[in-house]
Structure formats: structure tokens, C-alpha cells
Amino acid sequence: MKKLLLGNAAVAQGAYEAGVHFVSSYPGTPSTEITECMATYPEDEVFVEWAPNEKVAAEAVVGASIAGGRAMSCCKHVGLNVMADALFTMSYTGVGGGAVFCVADDPGMHSSQNEQDSRHYAKAAKIPMLEPSDSNECLTYTKAAFDLSEAYDTPVFLRLTTRIAHSQSVVEVGQREEHAVKEYKRNIPKYVMMPAMAIGRHVVVEQRTEKLIDLANDCPYNTVEDNGADIGIITSGIAYQYAKEALGDQVNYCKLGLVWPLPTTLLSDFCKKCKTVYVIEELDPFIEEHCRAMGLAVIGKEKFSLLGEYTPSRIRSVVLGKEPPASIVPKEALPSRPPVLCPGCPHRGTFYVLQKLGLTVSGDIGCYTLGAVAPLSSLDTCICMGAAVSAAHGMSKVKSPEFNQTLVSVIGDSTFLHSGVTGLMDMVYNQSANTVIILDNSITGMTGHQQNPATGKTIRGKATRQVDLIELCRAIGVEHVTVADPFDVKNFERIVKTEVARDALSVIIAQRPCALLKSVKYEGHCRITDKCRRCKMCMKLGCPAISIDKQSGSVHIDATQCNGCGLCIGVCPFGAIEKADEEEHDK
């Protein structure tokens, strides 16, 4: 049966058809939908979970594999950094049941803090990596990855990029093939990676790599399309699709589906048949450097960028010398639409207060990163998951005499449990006097409302034990823990002033649910009355529903965007904003 599927959904279907037993992940765009789709399959066939972070997810997969089950974990490229510790060792231990790790890179940084090329991890960890170029290959390569894992006693990477993960194409859907959980056999030399055992397993890894290189030279994942042309293209993944669209049958193609280890004989033979060979790959010159190390004359990054995504027109320009068509320039400049916090976002009240108080704010990864955007302009740093807490600790210990601003951290509830809690332990242990604000919006927000250990629900929506953030903070030694509503602006400001003035570590839990949750139902909408003195205090909230007329200077609230959260009512010093009822809104 044929279906039109997202690449991520096709990966999930492929894992299901491959008989996967266990899936553990932490959400991260552009990989999130793989695990969400896995949760739609019968619970008695596959166990699916959100883990607190990627390292925990990877370790759980290692355990499930050793126990004999087929297991998978999915993450974005920066999540691979978090799980790398477990993966490098799993390369040595090998597997029991097949183990697949899906990683989605983000060329162009649509939702990421860097452009990281995960192919380097495959090479460094000596783990084979498959890279599909459409949704159908997402399905077939996922199934192949499990088979490769068991055939070569190795974990296997499946690499996607944003355009493959989030684009749709036709997929041939099949039935699930049941794979019984293998019998567990105790094997200390294989699974206990103390130095004496690891020395022996390293030999196995190198022998395995040689066998995989032989496979790369003669496997169905690496193919040659000979169109009798003088120009050859070596490529993989989404770059193959761009090249095909740009160049059609005017060139020959060497399409690599197994991107580590890379073939030798296949590439050498391909280059011999072409007068000019281009390597087309987004991000780093990974394939190009392999070709050059073999002594092959190829054209790569000297013509193509190391930055961002490619386009067919750019490829056509480089390879065929055809300039891209002239852009159509509109007569009037298009309005910019920068990302902003949603109307009713609970974080807006927090950042309004922090900006008002002029605090130095160590930020983190999540919706609240948008607190750096004007007019809130609150964040001073944003590095990686959990760094809001740890970085603030470091800053507090070395700040210069000129650094006279008060320092606080802001971190989401899911991110705090992901990797912020260890930073808080560091603060307690090494006696920081900072204030940590946990933005508890009752969900994992930016990646699309996934559950986490603080929500009290599993990925399938079942009730479970809920982590108590207050008791957790107290249990690790924080004496001053306060819960406050960031929409009660005056009280929240008072609490922040009190806590940052302490010569001790404190935690404020800013507690209000995400405005987009189905359980959140604000009534009516807000409107400006004739009491308005145009002081523009409400504009400092950065709410997309509030605007100002440049000519008249009058303030307006767009009823179609306002969800009636009422934050602006508490901010207005003249009582010039009020709630309109639903009937008036409907008119």
C-alpha cells in the first residue's frame, strides 16, 4: 500500500515494520515526530517513552539491545552531543538486538543554535551511518539499519536533515515483521567495558570497519547512475534531490546512502569515467575530504558553501554555469515577521520584570530564548541545554569589579530536568548565591507540547508519577524555593527583588501553563479604553496582539490575536486596559 508520509513518519513506519521493541528519545526539532509517530503504534508491540534527556535515552536503548530487543532512539544533532558518551562505548560492546540511532541535522539552523554535521560522529565512533534522500528511503533504510546492526554487531546511525525529516513523498508501506526478543546471554568480555575488556573489543571494531568498507563498495545503498556524461556528481541525502532537480540527466551520479564508512573502489571507478567530478554535500566537506585523501581530483567547497542549505539554482550555476533567474522584487518592502512569544505566553511576564529590573540573565534553550528579542531584550546568554544554571555559576565566581549587575538564570521545566538540575547541584555544592528561575509552563513547549517527567503524563498520555520541582530543589539543598505567578506582575517583581537580594542560593518557580494547551481557556479579549495616556508601557511586553499607530500614536489591541490572558491589564499604570466579553468579541 502506498502512502504520502513525512520523512519522520516514514522512519517510524520503517522501525515498526522492522519489529522494533523499544524506543526512547528526548524531543528535538527536526527529529521529534519520529518518536511521536512511534507512540501511535500498539503499546503491546512497541514500548515508547520520552526520556529526561538524550543520554538517558541512549543508555536505555543500550540496555534494551543487550537484553535482546530491537531498540531505537531519535534526537537532533545537538542531542547527539548529549548521548555521545554511551554511543562511543556501545560501538565497542556491539549489540544484542539491533540498535538504531536516528539523528536529524539542521542545515540553515531553522531551530538550532549551530550547524553541526553528525557524519563526524559516525567516523569518530566507528559506527556505520545511512542517509536517506526521500521518505521511501527513510522507511527502507530504517529497516536496513536494524538488519545491519545485527549482521555486523554494531549500533547504526540513520542521518536525516530538516528537509528530509519534514518533507513528504510517496512510501510503500508494508506489514510488521515480528522479531522475537533474543535470549540474553551473560558476556562479561563483550559488555563490561573496563580497560582489559575494551582493548579486546577495539580489535573487533577495527575488523568490523574493514568489513563495512567492503560492504560500502558493493551494496544497494550506494548506487551509480551512468548517463554517459563527462560530468560526475558525488552526493547523498537531500543534496542528491537538489542536484537531480538542477541537472537532470546531463550528468552522472554516484549517490551514497551509506555515508560511513565511505567506499573506495566505487568512488575511484566512478571518477575514472568522468572528466570533471563535483562533490555536492551540505555543511562540512566530509565526502570531499575522503575523496581527496584517496587522491581523487574533485571539486567541492571551493565552489560550494560551508554555510546553510543549498538550492537547485545554486547547483545549476556552479556546475553548468547558468545564472539563477532574477528575483522578483516587490514594489513595496515585505513586513518582517521575526519569531515572538505567543499571545498569552507565560514567559512574557517573567521577562518583562527581568528587563524592568535591569538584571543580567543567563538563558537556555526553549521558547523562552525569544526573551532575547526586543522589546523584552532580557537574555544575555544562550549556549546549550542546561547552561543557564551552570554558566551563571561560572559567571558569578569570576565577575569583575565592574560587573555590578545582579545575575539570574532562567530555564524551562523540561530543560531543568534534562540537564539543569545537575548545574543546580553544582551551585549548592560550591556555594553560589544566585537566583534560578524555573519557567514551569507544564509542558515541553518549543518542540510541540511533549510530556516530560514534570507533567505527570507519559508519551501516550497515561498518568504517572510527577516530579515535584519544589521538593526536588529542596532535596538537593536549596533552602529558599518560592512559587509565583509571572502574570501577577507586581507580586512577581517583589519576589524577584527579594530573592536576588539574598546572599544565598534561591529558586523561583514561575508557574503558569502554556497558553496553547487545550486545558488553558482564557475568556474574552482585552481592549484599550479612553483612559489611555499613550505611555506605551504595554508595548514593552512585546505582545503581537498590541500595536501602535505610527501617525496618531494610539495603541490598539487586535482582538483576533488577543486570547484574553490579561497580562497587559496588570502592566498598565492607568487602568486603561480592560476585558471585553465574548459577545462583543464575536461582533
Any side-chain heavy-atom pair of L267 and C291 under 4.5 Å: yes
Set of residues satisfying side-chain hydrogen bond (donor to acceptor under 3.5 Å, both in side chains) with respect to R201, sequence neighbours excluded: D153
Atom CD of E302 with >12 non-hydrogen neighbours under 6.0 angstrom: yes
From OG1 (T154) to CG (L212), nearest 0.5 Å: 7.0 Å
Residue list, ring pair (Phe, Tyr, Trp, His ring centres under 6.0 Å) with Y121, at least two apart or on another chain: none
Pairing of E323 and R316 as salt bridge, 4.0 angstrom limit: no
Test ring pair (Phe, Tyr, Trp, His ring centres under 6.0 Å) applied to Y152 - qualifying residues, sequence neighbours left out: none
Under-4.0 Å salt bridge between R163 and D134: no
N252 side chain near V224 side chain, heavy-atom distance below 4.5 Å: no
Flag side-chain contact, heavy atom, 4.5 Å: I234 against C271: yes
Within-4.5 Å side-chain heavy-atom neighbours: M385 and N53: no
Side chains of R159 and D117 in contact at under 4.5 Å (non-hydrogen atoms): yes
Pair R70-E150, salt bridge (Lys or Arg N to Asp or Glu O under 4.0 Å): steps then yes or no: CA-CA 9 Å; R70 287 193 158 190; E150 293 177 353; 3.0 Å; yes
Nearest heavy atoms of L266 and N222, plus distance in Å: CD2-CB, 3.6 Å
N136 side chain vs E172 backbone, donor-acceptor pair below 3.5 Å: yes
Q116-N81 side chain donor-acceptor pair, cut-off 3.5 Å: yes
Approximate separation, where rounding is to 0.5 Å, of I164 CD1 and I238 CD1: 3.5 Å
Ring pair (Phe, Tyr, Trp, His ring centres under 6.0 Å) involving H393 - partner list, sequence neighbours excluded: none
Closest contact, heavy atoms only, S167 versus S135: O-OG, 3.5 Å
Any donor-acceptor N/O pair, S31 side chain to G28 backbone, under 3.5 Å: yes
Distance-only polar pair, side chains of S91 and R208, donor-acceptor under 3.5 Å: yes
Results of side-chain hydrogen bond (donor to acceptor under 3.5 Å, both in side chains) for S73 - residues two or more places apart only: none
Exam field: side chain H290 to backbone P263, donor-acceptor pair closer than 3.5 Å: yes
With V11, the side-chain contact (heavy atoms from CB on, under 4.5 Å) member among I34, L5, L6: I34
Crowding at CG, N114 (>12 non-hydrogen neighbours, <6.0 Å): yes
Side-chain donor-acceptor pair present, H110, E309, cut-off under 3.5 Å: yes
Audit row: K255, E137, salt bridge (Lys or Arg N to Asp or Glu O under 4.0 Å) steps and yes/no: CA-CA 13 Å; K255 175 182 173 294; E137 286 187 353; 2.9 Å; yes
Check: T235 main-chain N/O paired with E281 side-chain donor or acceptor under 3.5 Å: no
Atom of V279, atom of E288 and distance for their closest heavy-atom approach: CG1-N, 3.8 Å
Selection residues 188-239 - residue pairs positive for ring pair (Phe, Tyr, Trp, His ring centres under 6.0 Å), sequence neighbours left out: Y92-H202, Y141-Y221
Main-chain N/O of T265 paired with S268 side-chain donor or acceptor, under 3.5 Å: no
Heavy-atom check, side chain of L160 versus side chain of V103, under 4.5 Å: no
Ring pair (Phe, Tyr, Trp, His ring centres under 6.0 Å) partners for Y310, two or more places apart: F304
Sequence neighbours excluded, every pair satisfying ring pair (Phe, Tyr, Trp, His ring centres under 6.0 Å) that has a member inside residues 11-70: Y16-Y41, F22-F47, Y26-H418
Inter-residue atom distance L158.CG - E131.CD, 0.5 Å rounding: 9.0 Å
side-chain contact (heavy atoms from CB on, under 4.5 Å), paired with F101, selected from V156, V61, I127: V61
Determine all donor-acceptor pairs shorter than 3.5 Å in which one atom belongs to a side chain in residues 239-247; sequence neighbours excluded.
unit_1	atom_1	unit_2	atom_2	d
Y240	OH	E225	OE2	2.5
Q241	NE2	S133	O	2.8
K244	NZ	E225	OE1	3.1

Reported OG-to-CE distance for the pair S414 and M446, which is rounded to 0.5 angstrom: 12.5 Å
Side-chain donor or acceptor of T415 paired with backbone N/O of I365 under 3.5 Å: yes
Qualifying residues under side chain to side chain contact (heavy atoms under 4.5 Å, CB included), relative to S111, sequence neighbours excluded: T29, K76, D106
Polar side-chain atom of S25 near backbone of P27 as donor-acceptor pair, under 3.5 Å: no
Whether T422 side chain and S419 backbone form a donor-acceptor pair below 3.5 Å: yes
Which atom of S169 lies closest to which atom of L4, heavy atoms considered: C-CD1, 3.5 Å
Backbone of A9 reached by a side-chain donor or acceptor of E33 within 3.5 Å: no
Note, M90 side chain near S65 side chain (heavy atom, < 4.5 Å): yes
Residues which pass side-chain hydrogen bond (donor to acceptor under 3.5 Å, both in side chains) with E178, listed by chain and number, not counting sequence neighbours: R176
Step-by-step side-chain contact (heavy atoms from CB on, under 4.5 Å) determination, H120 to F286: CA-CA 8 Å; H120 295 293; F286 187 81; 3.8 Å; yes
Minimum-distance pair of heavy atoms, taken over all atoms of P107 and G308: CB-O, 4.1 Å
K301 atom NZ: more than 12 heavy-atom contacts under 6.0 Å: yes
Under 3.5 Å donor-acceptor, Y278 side chain and V298 backbone: no
Side-chain H-bond candidate by donor/acceptor type, T447 with Q450, under 3.5 Å: yes
Partners meeting side-chain hydrogen bond (donor to acceptor under 3.5 Å, both in side chains) with E49 (sequence neighbours left out): S24
Check: L130 and L148 side chains under 4.5 Å, non-hydrogen atoms: yes
Residue pair M72 / C102: nearest heavy atoms and the distance that separates them: SD-SG, 3.6 Å
Distance-only donor-acceptor check, side chains S118 and D105, under 3.5 Å: yes
